[in-house]
Amino acid sequence: MFIKGKLLFLAIAASLAITLSRFHFHPLTILSTFIYLSFLLFKNRFQLFLFCLITIVTYVVVFYLTEMENKSSLQEGDYIAALEIITIPKIDGNFLTGKIKNEEGEKLVFSYILDSKKEKQLYANLKPGDSCIFKGELQSPKLPTLPNAFNYKQYLHDHHIHWKFSVKEIERCYAKNGGVMNKLLNLRLFGLSVIENNFPATTVGVVQALIFGERNLLQEDIEKAYQELGIVHLLAISGLHVGLLVGGVYFLLLYFGVTHEKAKLFIIICLPIYMIVTGGAPSVIRASFMVILYFVLQLFKQKVSPLDVISFTFLCLLLINPYYLFQVGFQLSYVVSFGLLLSSKILHFFSSWLAKLTIVSLLAQVCAIPLLLYHFYEFSLISLPMNIIFVPFYSFIILPLAIISTVVVSLPFVGFIFVKLISSLLELSHQLVLFTSSIPFFTITTGKPSSVFLILYVVLLLLLFIIYERTNTVKKILWPISLILCLFMFQKFAQMINPYGQVLTIDVGQGDSIFIQQPHNNGTFLIDTGGKVSFPKEAWEESKRSYSIVKSVTVPYLKSIGVTKLNGLFLTHGDFDHIGEVLTLMEEIRIEQIIIPIGFNRGELEDRIIKAATKKGIGIKEVKDGDQLRYKDITFRVIAPKTLSESKNDDSLVLWTKMGGLSWLFTGDAEINSEQQLIKSYPALKVDVLKVGHHGSKGSTSELLLDIIKPSYAIVSAGLNNRYQHPHPEVVDKLLRRNIRILRTDLQGAILYQYKGKSGTFLKHPPYDEVKEMKK
């Protein structure tokens, strides 16, 4: 039976108590459910009810006490203090980041832009325990600016951090604290440095990840390929890694004559040190805690089932820190572990090691799928065979080689041989992973599933395993498998029955990007991609990991709603803040056609885009004033450019269309000269929603244009506190004097118009705790 012990039942009760407490549900909501289940599932119902009641009350109290304690005593604004560095500082290009704490123990995340190569070399020597005088500004972390986006503010809150510290000056650094924790962190820093200085670039990231749980130096393309194939867990210290390491150490101790009791005691003492040195990832904490508890029970001659051991560690960790429950790594680690333990009987039906490995990999995959879909919106079809190949390869070849190579790396000749061997093997595995990930159609994107989907999936999965355990016949489990497949098909194609359409002005900072989706997924379009303008840098200033708006903002949102294809990509003109991410977008999502205005190709970037699109077989359509683009239920009318000028902005592609009962005008960076030509060509043009030209610059949105088109809404896409001071106060004043409602991405986050038929609603996704009022 799946519920083998009361501790598992209490672990579930604790999880629900914490989760519902966070969302302000009353504890009685879940208590009644557990009372009913306890009477259904267990003979000693009163005892279980009592334990369930105690557990729920305990964890609700613990959560609220943690929330009450998790407050800040600081205020936003200028801040100067002597602060202690509490993590290994990271330098990427000219950017220094890390965590610090003040004398009261409050933690902050800080960032500092390095001024020179000399300063970079100086601060590269900073280490945990050092203290400096930091001067700068405390800023409140912002809420996500898109639906389904990563909530960085909540993430920091769950780590007891309430402020981002933008540091302007660092001075008078000195070594202050030599405590045990800092010594262990410095041991970690030393190990990372040894690997970085002695292994080639293609290998250093993997070796650091396997030994110290540090993935900062992993090559972006390699990490992305491992993620797409569902084997990125191999590049982290997992429970399997801990088990193999503990088993190896235990065997060596016995081999050298140490008694079983002393060997267990040695491992119990060393594992907490190991958890700190390896970064304290949830999977490491879980596995280490389980080993410690298991060995302690053995030393006291107590026998407890593995299910009870893992349930007890779960309850203890949530008692220590209830926020663990909301960490993805913690969720995946425990869900997969619980799933494997609860379905362990299935393994007895198979004799060969290959069959058992396949079943274990399959069970791990099906248990992880709900969480993968909820957090990442997709899973890999080829994950199972890739895990069957790579799990033993990494566990029994790469991991031992990584440990041995790191230990002997300083030895002449021997170190070189081992480093060369592991580098060669990793190079071959990377090539295989990159090649496999380049094959299309291996990844299924479903969008973010609903609560109903998750509940039904878990229930059907439990039924499937229970039936198979009892019957050991494939025929009996065909119906739950069929229902699970139907569930996935429904989730995959849910957009096709969705009667709502949307126009989303994405917050891409100082730039433009607008996503359009027709009802029933009858057309998906993007007008521009945004792009972060960068300035020339010296070699020492270049970042190892470049930031991409498309990878970090646009594509995750599209995947969260199940969109994997664009029917049309409109590029208004060649400015980087409009088309700077096109080349990246081509690699991330399928595009049927790119629409450009006449005279688009005026520079190197535009030329590269056209060549890349041609190479990928993406259709390119050049349009001008008077052209119409029809796609099923929507028609885009091109109303500019008509004739070309010397200005990219004035030659922007301008589109007019009707959606959700409103008429829309998308203007790119069109300025007053273009507006005058537009009015001359279309003197009777009327618009409900105006996408304000050139981010609201002073040279756009003339009085004449506003008086002719008479919009009710004006959308401004601009970056917060941008250097150009967009939108200009004069433009804002023009709009307010005409009672035009202004919607701004810099103040209100993404602007969403969601509609059904000919009616809809404007929604905003505010990035700030308080939206600033717009004044004349």
Side-chain angles (χ1 to χ4, degrees), residues 146-147 494-508 512-530 554 557-558 561-563 565-572 578 591-595 597 621 623 625-640 652-668 670 678 682 684-693 705 708-717 740-745 748-765:
L146 271 179
Q495 288 293 330
M496 296 179 68
I497 61 172
N498 181 10
Y500 290 92
Q502 64 170 302
V503 183
L504 178 70
T505 306
I506 304 171
D507 177 19
V508 292
D512 263 21
S513 188
I514 300 168
F515 172 68
I516 298 169
Q517 183 182 35
Q518 288 292 94
H520 306 291
N521 206 34
N522 277 336
T524 52
F525 309 91
L526 194 67
I527 302 174
D528 291 330
T529 64
T554 310
Y557 173 73
L558 295 181
I561 60 171
V563 172
K565 178 186 72 173
L566 292 174
N567 299 111
L569 171 61
F570 295 91
L571 304 181
T572 59
H578 286 252
I591 302 169
E592 285 187 349
Q593 187 179 55
I594 293 178
I595 300 96
K621 185 176 182 62
V623 295
D625 174 36
D627 289 339
Q628 293 188 18
L629 300 163
R630 292 187 177 89
Y631 190 88
K632 295 186 178 179
D633 298 329
I634 188 170
T635 299
F636 294 96
R637 300 177 186 273
V638 181
I639 59 176
S652 289
L653 174 65
V654 179
L655 299 168
W656 183 94
T657 189
K658 292 198 73 172
M659 290 177 290
L662 300 179
S663 56
W664 299 72
L665 187 65
F666 302 103
T667 58
L678 187 151
Y682 300 93
L685 183 67
K686 300 300 177 189
V687 171
D688 296 305
V689 186
L690 168 68
K691 201 292 294 182
V692 173
L705 176 73
I708 292 294
I709 66 175
K710 299 184 182 304
S712 300
Y713 298 89
I715 297 176
V716 180
S717 182
I740 299 170
R741 183 177 177 184
I742 307 172
L743 300 168
R744 296 169 52 170
T745 61
Q748 297 164 309
I751 307 300
L752 173 66
Y753 179 70
Q754 190 174 59
Y755 65 91
K756 180 181 180 183
K758 293 186 177 182
S759 62
T761 306
F762 277 100
L763 305 167
K764 58 190 178 183
H765 206 80

Task: Leu752 vs His765 side-chain heavy atoms within contact, under 4.5 Å - done: no

TODO: Report yes or no: does His520 contribute a side-chain atom to a donor-acceptor pair with the main-chain N or O of Met496 at less than 3.5 Å?
DONE: yes

Task: Side chain proximity check, Ile742 to Val692, heavy atoms < 4.5 angstrom - done: no

TODO: Determine the minimum heavy-atom distance between Trp656 and Ile639, stating which atoms define it.
DONE: CB-CD1, 4.3 Å

- [ ] Run the salt-bridge test on Asp627 and Lys621 with the 4.0 Å N-O cut-off and return the result as yes or no.
- [x] no

- [ ] For residues Val654 and Leu665, determine if any side-chain heavy atom of one lies less than 4.5 Å from a side-chain heavy atom of the other.
- [x] yes

Task: Validation row: Val638, Leu653 side chains within 4.5 angstrom (heavy atoms) - done: yes

Task: Over all atoms of both residues, closest heavy-atom pair of Val563 and Gln517 - done: CG2-NE2, 3.6 Å

Task: Gap between atom CG of Leu743 and atom CD of Gln748 - 0.5 Å precision - done: 5.5 Å

Open item on the list: Can you tell me how far apart CG (Leu569) and CD (Glu592) are? Round to the nearest 0.5 Å.
Closed with: 12.0 Å

Open item on the list: Could you report the tightest heavy-atom contact between Gln502 and Tyr755, atom names first, then the distance?
Closed with: N-CE2, 3.6 Å

TODO: Show your working on ring-ring contact (aromatic ring centres under 6.0 Å, His included) between Phe570 and Phe636 and close with a plain yes or no.
DONE: CA-CA 11 Å; Phe570 295 91; Phe636 294 96; 4.9 Å; yes

Task: Ser663 side chain vs Asp688 backbone, donor-acceptor pair below 3.5 Å - done: yes

Open item on the list: In the structure I gave you, are the side-chain heavy atoms of Leu685 and Leu678 within less than 4.5 Å of one another anywhere?
Closed with: yes

Open item on the list: Counting the benzene-type ring for Trp, do Tyr753 and Trp664 have ring centres under 6.0 Å apart?
Closed with: yes

Open item on the list: Less than 4.5 Å apart, side chain to side chain, heavy atoms only: is that true for Gln495 and Ile561?
Closed with: yes

TODO: Would you please classify the geometry between the Phe515 ring and the Tyr557 ring as parallel, tilted or perpendicular, with 30° and 60° separating the classes?
DONE: perpendicular

Task: Distance in Å, Ile715 CD1 paired with Thr745 OG1, rounded so as to fall on 0.5 Å steps - done: 9.5 Å

Task: Side chain to side chain, Asn498 and Asn521, heavy atoms closer than 4.5 Å - done: no

- [ ] Please assess Phe525 against Tyr631 for the test ring-ring contact (aromatic ring centres under 6.0 Å, His included), listing each intermediate value before the final yes or no.
- [x] CA-CA 10 Å; Phe525 309 91; Tyr631 190 88; 5.6 Å; yes

Task: Inter-residue atom distance Leu655.CG - Thr657.OG1, 0.5 Å rounding - done: 8.0 Å

Open item on the list: Could you check whether any side-chain N or O of Asp528 sits under 3.5 Å from a backbone N or O of Thr572, counting only pairs where one atom can act as donor and the other as acceptor?
Closed with: yes

Task: Closest non-hydrogen atom pair between Lys686 and Ile708, with its separation - done: NZ-O, 2.9 Å

TODO: Could you tell me the separation between the NZ atom of Lys565 and the OG1 atom of Thr524, rounded to the nearest 0.5 Å?
DONE: 6.5 Å

Task: Check: Lys691 and Thr505 side chains under 4.5 Å, non-hydrogen atoms - done: no

TODO: Please name the pair of heavy atoms, one in Thr667 and one in Ser652, separated by the smallest distance, quoted to 0.1 Å.
DONE: O-CB, 3.9 Å

Task: Heavy-atom pair with the smallest gap, counting every atom of Ile506 and Thr554 - done: CD1-CG2, 4.1 Å

Open item on the list: Rounded at 0.5 Å granularity, tell me how far OH in Tyr500 sits from NZ in Lys756.
Closed with: 4.5 Å

